[in-house]
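These notes are about the structure you will find just below.
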Amino acid sequence: VTSTEPAFRRRTWTAAAALAVVAWRIALEPRSAWRDVPALLAVLGSVLALDPSASRRRLAVLSGAAYLVGLYVARQSPRILELFR
Amino acid sequence: VIGGLLAMGAANAAVTLGAWSLARRMVPGGGLLETLFLRLLLISMSVLAFGAAGLLSPLPLGIAGILALAFLIRCGEHRTLPRLDLRSLPRGPLLLAGALLLRLALQAWFFAPYTTDVLSYHLPKVAEWVRSGSLFAPRGIDDHAALPAGFERVEAWWTVFLHHDVLIEFAGIEFLVLAALAGRSIARSLGLGERDSWIAALVVALVPGLHHQATACMNDGAVAALVGATAAFLMAGRPWPLALAAFALGVGVKPTAAFAAPGLLWLAWRRTGTSTRPALGVLLPALVLGAWDYVRNAIEFGSPLHPAGTPGGALQSSVSLMSLVRNAGLLFRDRLLDDAAPLGPHLDHLAGWGAPALALGWVGLVAALFEDRRWRRPAAAFTLSAATVLACVSGDAWFGRFLLFVPVLLAASAARLASTVPGARPLLILALISAAAGTFLPYDLPRSGVEALASQSWRERTTVPRFGAELPGERPVYLAQNRGPAYLLYRPDFSRGLVYVQDPRELAGALRGADALFTGPLSAEQQQEVERLVRSGVLQPLSEKAYRILP
């Protein structure tokens, strides 16, 4: 794939747009960017836009899902346990 | 109770067989989603027709049910019912679905209506309808009581036969199942297999916002189910009148369904569906159901959208780009992770999508958009619908309730992720466990609250003590400026009627012939009038809100 091919240009623009979303979200709330869902998804989108190999794609997707599941469960579990007391 | 149970059984059998009969004429093989949607449509039509005629009571409904059932059986419709072959269904999702349905049934049995909105303006209507047998009964004094009552009509169905609210949560559970089946249908339309589409259905059923709404008698879950069903019908190429009927029924539940229209129109654009003729028959009743309360409001208040747009009202009545920007910001920044408050049906400062739909659903959707072109249009359509909803609602703490149709699509992408990416399945299981734990108890009905309800007999099960609504007497007056737990005063078996008073000058007159007074939130004038009547020996305070009327 060369830099003049449409597929390359499309991927580059998609990755750039996703990174712009990341930058925008971080600029809005720098201290809570680590838990910003759109920023996390944009990071994932920028990685996938670069058309990585199947194993790297899988790693990116799994990492993203694991991070979000962990984040959600860790923050929600104490509240759920509280209701059973 | 026995007669009510028989009437309920006959009427439910009739609407279910009737729904199946209609569904199989519209869609090859009938279809679970289509049958359940048409069942809810027939229930809503029945309550509207019998209620408008003043015949909303077990005997007329039971007789009509027996006659309709006899007619359908005579036509041989029962012979066309598909044989349920459980072995053909995926075992894991089937077992989980069974456990979930059992838990929902137990929640319905042991919960009693407990949320403030429901007690204030949703259910007083149902109580009045069931007591009077007519839809033209008083609605109470809450300014939101004039909002569309499509969901309340299904709640009336589950209360009218027993003249009791013990099964009232079944209305919400039916809509939760509808949402789950819509998620399954969307997953099938997007190429997922039988097992994965059932997993998508499970993910929808465990969306905390939808689940808690279902067992709390709230109607936003029903709206999400009907918007999801509309999208599912469009994506599956079902006849357009069927999709329009689902949308109309949604609008008849709450105007927020209409706010999602642009995305649904996008889904409908250039779709080719199957033959429309059999489905046209259900369109007119659905349009009547959708328009009923808006027409009544137009006649009664001069505005179909009343109380939206009234001076000082909290409801937004216009499309606003500012609302979209502000609400999207709130959603992205504070609400998606559901960590601002405990989970419950009101979704205070929460999105309520849960770990499976949020974490695996969003990540799965991003992956699907890169890998499969079929996902792009539904994703864009759901995004557009979410954006138009956000542009039409005020940025209060609860607007997350109006976006509960979004996880219906995210459930499909979560199921796709779990099936296509090795290692994602354990994550989905962990997320489902988290969602299952988070949907046991809502924050406003914690363990102590459920234990208190379970200790009561089913005939008297009520949240009266939680709201300090103990009141002696059989003919109480309810005085309030707006809001308050008026529904609790009817009792679970609707054995007590209420006289509503808002104008303090009418209070003394209303108290003649009554034996008790209960007060909701009072204006200064109302408070002064109550104090005057206490000083003059007409009222004897029993608690902060309850008074005995002295002879």
Side-chain angles (χ1 to χ4, degrees), chain A residues 7 10-11 14-15 17-18 21-22 24-52 54-85, chain B residues 208 328-329 331-344 350-351 353-371 414 417-418 420-424 426-431 433-450:
Chain A
R10 194 168 55 243
R11 287 203 300 266
T14 307
V21 171
V22 178
W24 167 56
R25 298 303 304 174
I26 291 174
L28 273 179
E29 296 277 341
R31 277 181 295 182
S32 59
W34 60 277
R35 55 181 292 276
D36 189 294
V37 176
L40 291 166
L41 295 173
V43 169
L44 176 65
S46 64
V47 172
L48 295 182
L50 296 173
D51 201 18
S55 59
R56 286 182 184 169
R57 176 187 293 265
R58 193 181 311 136
L59 182 66
V61 168
L62 264 183
S63 308
Y67 183 76
L68 273 179
V69 169
L71 199 59
Y72 189 98
V73 173
R75 295 175 77 83
Q76 191 59 241
S77 298
R79 293 188 191 280
I80 294 171
L81 292 174
E82 186 67 32
L83 292 176
F84 285 95
R85 286 195 187 127
Chain B
L331 179 73
F332 292 152
R333 194 181 63 235
D334 299 331
R335 305 201 178 173
L336 282 177
L337 283 173
D338 291 342
D339 57 356
L343 289 165
L350 306 176
W353 298 354
L358 176 83
L360 285 103
W362 271 119
V363 170
L365 187 61
V366 171
L369 290 175
F370 279 97
E371 293 164 3
L417 183 75
T420 56
V421 176
L427 278 178
L428 179 62
I429 292 170
L430 175 65
I433 291 170
S434 156
T439 47
F440 257 103
L441 301 169
Y443 80 88
D444 34 4
L445 197 61
R447 187 177 140 188
S448 57
V450 177

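Basis for what follows: all heavy atoms, side chains included, without hydrogens, waters or symmetry-related copies. Lettering follows sequence order; numbering is per chain, from 1.
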Would you mind checking which part of B:A351 comes under 4.5 Å of any heavy atom in chain A, side chain (CB onward), backbone (N, CA, C, O), both or neither?
neither

Hey, what do you get for CD (A:Q76) to CG (B:L350), rounding to the nearest 0.5 Å?
7.5 Å

Go through the atoms of A:A49 and report whether side chain, backbone, both or neither lie under 4.5 Å from a heavy atom of chain B.
both

Measuring from A:L48:CG to B:L369:CG, what's the distance to the nearest 0.5 Å?
10.0 Å

Of all heavy-atom pairs linking B:R333 and A:R25, the shortest is N-NH2, 4.0 Å

Could you state the interatomic distance from CZ (B:F332) to CG (A:L41), rounded to the nearest 0.5 Å?
9.5 Å

Top contributor to chain B interface from A:L44, A:V73, A:D51 [non-hydrogen pairs under 4.5 Å]:
A:L44

Highest number of heavy-atom pairs under 4.5 Å with chain A: which of B:V366, B:L337, B:V421?
B:L337

The interface call for B:P356 against chain A, heavy-atom contacts under 4.5 Å, is neither

Which portion of A:I80 sits near chain B, non-hydrogen atoms under 4.5 angstrom
side chain

Over all heavy atoms of both residues, which pair between A:P38 and B:L336 is shortest? Give the atoms and the distance, please.
CD-CD1, 4.4 Å

Taking only residues two or more places apart in sequence or in another chain, which ones pass salt bridge (charged side-chain N to carboxylate O under 4.0 Å, His left out) with B:D339?
A:R35, A:R75

If I take atom CH2 from residue B:W362 and atom CG from residue A:L40, how far apart are they, to the nearest 0.5 angstrom?
12.5 Å

Heavy-atom pairs under 4.5 Å with chain A: which of B:G361, B:P446, B:P342 has the most?
B:P342

What's the shortest heavy-atom distance between B:G354 and A:Y72, and which atoms?
CA-OH, 3.3 Å

Side chain, backbone, both or neither: which part of A:T14 has a heavy atom under 4.5 Å from chain B?
side chain

Note: A:V61 and B:A367 closest approach over all heavy atoms is CG2-CB, 4.0 Å

Relative to chain A, which segment of B:A414 carries a heavy atom at a distance below 4.5 Å: side chain, backbone, both, or neither?
neither

In terms of heavy-atom contacts, A:L68 and B:L358 come closest through CD1-O, 4.4 Å

In short, B:A359 meets A:A65 closest at the heavy-atom pair CB-O, 4.1 Å

